[in-house]
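On a predicted model such as this, the values are computed, not experimentally measured, just so you know. We name chains A, B, ... by the order of the sequence lines, and we start the count at 1 in each one.
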Amino acid sequence: MDLQALYQEIILDHYKSPHHAGLREPYEAEVHHVNPTCGDEVTLRVHVEDGVIGDISYDAEGCSISQASTSVLADLLIGIPIDQAHGIHQKFVELMQGRGQVEPDEEILEDGIAFAGVAKFPARIKCALLGWMAWKDATVRAVTDLEAKI
Amino acid sequence: MDLQALYQEIILDHYKSPHHAGLREPYEAEVHHVNPTCGDEVTLRVHVEDGVIGDISYDAEGCSISQASTSVLADLLIGIPIDQAHGIHQKFVELMQGRGQVEPDEEILEDGIAFAGVAKFPARIKCALLGWMAWKDATVRAVTDLEAKI
Amino acid sequence: MTTTETVAAFAPVTGFDVERIRADFPILSRRLDGDRPLVYLDSANTSQKPRQVIDAMTAHYEQINSNVGRAVHQLGDASTQAYEAARVKIAAFINAPDPSEVIFTKNASEALNLVANTLSWARGDYEVGAGDEVVITEMEHHSNIVPWQLLTERKGATLRWFGLTDEGRLDLSQIDSVITDRTKVVSVVWVSNMLGTVTPLETIIRRSHEVGALVVVDASQAVPQLPVDVTALGADLVAFTGHKMVGPTGIGVLWGRSEVLDALPPFLGGGSMIETVKMEASTWAPLPAKFEAGTPPIVEAIGLAAAVDYLSAIGMDRVAQHEHAITAYALSRMNEIDALTILGPAEAVDRGGAISFELEGVHPHDVSQILDSLGIAVRAGHHCAKPAHKRFGVQSSTRASFYLYTTSGEVDALIDGLDQTKRFFKVA
Amino acid sequence: MTTTETVAAFAPVTGFDVERIRADFPILSRRLDGDRPLVYLDSANTSQKPRQVIDAMTAHYEQINSNVGRAVHQLGDASTQAYEAARVKIAAFINAPDPSEVIFTKNASEALNLVANTLSWARGDYEVGAGDEVVITEMEHHSNIVPWQLLTERKGATLRWFGLTDEGRLDLSQIDSVITDRTKVVSVVWVSNMLGTVTPLETIIRRSHEVGALVVVDASQAVPQLPVDVTALGADLVAFTGHKMVGPTGIGVLWGRSEVLDALPPFLGGGSMIETVKMEASTWAPLPAKFEAGTPPIVEAIGLAAAVDYLSAIGMDRVAQHEHAITAYALSRMNEIDALTILGPAEAVDRGGAISFELEGVHPHDVSQILDSLGIAVRAGHHCAKPAHKRFGVQSSTRASFYLYTTSGEVDALIDGLDQTKRFFKVA
Ligand SMILES: Cc1ncc(COP(=O)(O)O)c(C=O)c1O
Ligand SMILES: Cc1ncc(COP(=O)(O)O)c(C=O)c1O
């Protein structure tokens, strides 16, 4: 039971002071995701501008892992072109579902590599992915809506 | 597995040539009973006259045990005062539910004592009781109907 | 009884070692009354269980037991993983495209009721309402009749059915006027538990989909005996039951195309099937949880996974071949018996292994009683298929049924036992 | 952590030998990660199983296994007798007047859905229709909320509920305006699985019957821990679940007064629940078969009977006393911890053994993760009681729960673990 691997200092830091927290305007899509197992929730907004993730704002209630991973998500994806953001999302999901066998790429995931240890705790993977799944859902909706308007 | 105890000669005789079989007039009540386990069925009529079981007629489809016991039932109860008939019914039910521990009274049950062995075969008790349960149901209805008319 | 030359010989399946298989089933070595060996010919009713299945459940209770999907602790984790791994295994066994399409129920009956009830509660495309028709067959098990009677009656819809030919096959001659534009659902048995008949599913599925009807397949007798590929089959929903496939009691499976399952409303309400609950209203979890309210049959699912492992290690193609060989042998020997009439196909063509029969002058209860005194377990009654019995003008029948552990010697014992039965009741 | 004099001491129940009981439960001697002993404090989620229960099921599979109620052969007979004997035992355990009032389901959730669904399909007195009201409480398990939401929504009826006091007790101050002439059903939990609160059932039953409402009791947490007498209780229907009372998964029980059960329409349709089936229409078997469609959880019922035997041999009064003693001890020790808030009654009065709590600054998932690393299994989450959590302004909580095998040493380990958790997350 490698608690240190799970609760990296970086994770605890993000948990104590989450980045980009709070709900902000403008946004094109807002979603509400729930982890049915434990009831953790996140409301997350995405603002898309010129093919770039202009903002990610959120109101989250949850454990250290889910809070920190949403904070890292916002750090990583704000200001990034949508395609590239999906690529980063993909890498993070792969890391989480890799049963601890996937070597994370710090170039791409930055603070996100701190979650490598979470992959060894199957019950916590859903926590780490809560914000990321919400982001993907919101971004797809935002883009679809924008396209519909064109 | 005492097959001889189950299939007494008397039972096989009644099975081959059931007494009082067929549906007859007059009657005050007709019932249809089913053994849900195997689908065996009996349609049974009771005619009550001056407090006496005037007739029991029936159309039965079933195994040797259920056929024979209905035949014995008719033999025993036709022409008998209702109260006394209920007493005989009671004795037969007790014999069947006695797990082979009850000593049957030949004075009362006559050919019915051949069913003593059936009590040791739990799955066949329902067969032996099919016609008897139908008779009781029909008789209660017949009497209730007659009383209602008074 | 001695085997004479005119008797068809049993043709064993190469590489299929029945004795070795039998050694895995503790019950098969037990003795019955009068120190007789057990000749278990009632597998269509329920199958026996190999040590591997029993042990898997015991091990879980002794080492891992914990509730699933709810706890973060080590036991909860291990239990959840074992339960979900069972789902993955069962999905693979029937070649389901996605494990989340595998719903655990308590038996096949619940699985069929799940479908009928959710179709009655659905709104929109899938709703079965007034004027709609549901089509079944005359050879269904009660569990694939009553749910549709209840549904059609509650919703003012109409229940229709295919009849049977004298040989006990589905009469599909009028298929285009039975399955029509009014048909919303067609629910048919794959292999009849009474007649042994195998349904020509391809024809039925093609016609049903032509008119836009959902196809539900009761595979309770098929999945235990045949290699099943639900993706190739093309049906929309498939139900089966654990206890007939060397698995435990208390577990059944509903497989459904996710498109259909996603569109249906929930079945039972409660823990685990929710996304969120407020006093005012609730929302539902995604598949498969949406259809699994409350604590599921956890250890039973794990037992069923062990059953699937057991069958897969032997190979379902071989299980099917053995069943076919035993059935062919039994049919040929039973056809020799005077006064014996087989209900259903008399030859082992498009036929499962359940053989229901009549012995003239002896009621099925009495046949099975005499056989039982010889240690031979067969089933007597209507086998939960009263309409099919009625079709053949009988109330009940005796049924012998086989499985991977059945030997030709057991069939011989049956033939012998039937001979004794005839003598006992002085028939012919 | 050293026990100081100010700490309430644990008061063991005379003659109740926890160590001897523990020896019956194989899992309790297993080691977890890091070779730590298992400290299982998640019994309200599911209980562990003694060897006696596991063995009873194994023995049945190895020696008796066969379907019930359908076969005349020796195994079928023995299996049917064992299954029906289980019903008799369970009836006796809860003092049901008649074993046929005991319906086997797959879990408590199914039992509650059975009631809600049959009330929606009933016609006449019991039907819940437009304008009618169903009353529950804010502390129900989702399994006693969602079925009533579905029922009332489908039938245009209204769902109402009792709120909670700050201490986590039912607020019955307005009982006469909550339960009124419009009330058709009152369904309440006996012992809350989250707050531990024991419902004053007498008051509720009296008022409900005054207005002619049916009373359903969710006894999932009561039957495992308290001597239960349904005849004395006076409720109309009572649901509970096997896996929480040292029994197997895959089995639950609905007890109901036969007058009520007789009047309700069937639940699921299929084999065994019928009297006769024609293609055109069917009729139903009497109780209990009417509500048990398909092959029931046979071996699970037999396992539950063994569980009931096990509990009865110890004595439910003593099980209850031990639960009370352990709970009182745990509450007193937890009340000492700074930053710890108990949700629900803080004293062991009218209180079951589930203790949900918050540790300021640490999310329940993280609390349980740290405890798990120490081998202590507790539950984190909403415990299928989201509305009760919401009532106390939280999303989730950590819950410790006890059973007959819980020792005071395990409570000490929990207190110790919570201390370490605070240090790990640098709280206070
Ligand atoms: C109070 C209460 N009711 C109902 C249930 C549901 O029981 P099951 O999950 O066995 O259906 C539970 C347990 O989860 C419970 O604690
Ligand atoms: C063809 C068929 N369908 C459905 C069932 C019902 O299965 P279960 O009793 O496990 O629900 C059976 C077995 O009894 C069956 O043979």
Problem set entry | Toward chain C, the part of D/Thr58 with a non-hydrogen atom under 4.5 Å | both
Problem set entry | Side-chain donor or acceptor of D/Gln74 paired with backbone N/O of C/Gly375 under 3.5 Å | no
Exercise. Does the D/Asn45 side chain pair with the main chain of C/Asn67, one donor and one acceptor, at a distance under 3.5 Å?
Worked result: no
For this session: Go through the atoms of D/Gln63 and report whether side chain, backbone, both or neither lie under 4.5 Å from a heavy atom of chain C.
Result: both
Seminar exercise, completed: Cut-off 4.5 Å, heavy atoms of chain D, and the answer for C/Thr276 is both
Problem set entry | Residue pairs, two or more places apart or on separate chains, that pass salt bridge (charged side-chain N to carboxylate O under 4.0 Å, His left out) and touch residues 138-147 of chain D | none
Problem set entry | Contact class of C/Pro248 relative to chain D, heavy atoms under 4.5 angstrom | both
Problem set entry | Interatomic spacing from NE2 in C/His142 to OG in D/Ser272 - rounded to 0.5 Å | 10.0 Å
Problem set entry | Most chain C-contacting option - heavy-atom pairs closer than 4.5 Å, from D/Pro265, D/Ser29, D/Ser43, D/Ala281 | D/Ala281
Exercise. Would you call C/Asn107 and D/Lys106 a side-chain contact if the rule is heavy atoms closer than 4.5 Å?
Worked result: no
For this session: May I ask you to decide if the ring planes of C/Tyr40 and D/His73 are parallel, tilted or perpendicular, using 30° and 60° as cut-offs?
Result: perpendicular
Problem set entry | salt bridge (charged side-chain N to carboxylate O under 4.0 Å, His left out): pairs with one or both residues in residues 144-154 of chain D, sequence neighbours excluded | none
For this session: Please report the shortest heavy-atom distance between D/Met57 and C/Tyr61, naming the atom on each side.
Result: CE-CE1, 3.6 Å
For this session: Compare every heavy atom of D/Thr46 with every heavy atom of C/Asn65, then report the nearest pair and how far apart it is.
Result: ND2-CG2, 4.1 Å
For this session: Evaluate the salt bridge (charged side-chain N to carboxylate O under 4.0 Å, His left out) criterion for residues D/Lys49 and C/Glu62: first the C-alpha distance (whole Å), next the side-chain angles of each, then the deciding distance (0.1 Å), finally the verdict.
Result: CA-CA 8 Å; D/Lys49 326 299 173 201; C/Glu62 291 189 352; over 6 Å; no
For this session: Go through the atoms of D/Ser120 and report whether side chain, backbone, both or neither lie under 4.5 Å from a heavy atom of chain C.
Result: neither
For this session: Measure across D/Gly294 and C/Ser109 and return the closest heavy-atom pair with its distance rounded to 0.1 Å.
Result: CA-OG, 3.1 Å
Problem set entry | Part of D/Trp121 lying under 4.5 Å from any heavy atom of chain C | side chain
For this session: Can you see which heavy atom on D/Val72 is nearest to which on C/His365, and at what distance?
Result: CG2-CD2, 3.8 Å
For this session: Please confirm whether the backbone N or O of D/Gly269 pairs with a side-chain atom of C/Asn113, one donor and one acceptor, at under 3.5 Å?
Result: yes
Problem set entry | Worked verdict on D/Arg30 versus C/Leu75 for side chain to side chain contact (heavy atoms under 4.5 Å, CB included) | CA-CA 11 Å; D/Arg30 86 158 266 187; C/Leu75 296 184; 3.7 Å; yes
Exercise. Looking at D/His382, D/Gln149, D/Glu110, which makes the most heavy-atom pairs under 4.5 Å with chain C?
Worked result: D/Gln149
Seminar exercise, completed: Okay, C/Ile145 and chain D: the region with an atom under 4.5 Å from a heavy atom over there is side chain
For this session: Measure from the side-chain N and O atoms of D/Ser143 to the backbone N and O of C/Gly271, and report whether any donor-acceptor pair falls under 3.5 Å.
Result: yes
Problem set entry | Straight-line distance of C/Thr249 OG1 to D/His60 NE2, nearest 0.5 Å | 7.5 Å
Exercise. Short question: side chain of D/Glu300, backbone of C/Pro297 - any donor-acceptor pair under 3.5 Å?
Worked result: no
Exercise. Once you round to the nearest 0.5 Å, how far does OG1 of C/Thr295 lie from CD1 of D/Ile251?
Worked result: 13.5 Å
For this session: Examine whether an atom of D/Asn117 lies under 4.5 Å from a heavy atom of chain C, and if so say whether it belongs to the side chain, the backbone or both; otherwise answer neither.
Result: side chain
Exercise. What's the shortest heavy-atom distance between D/Val277 and C/Lys386, and which atoms?
Worked result: O-CB, 3.6 Å
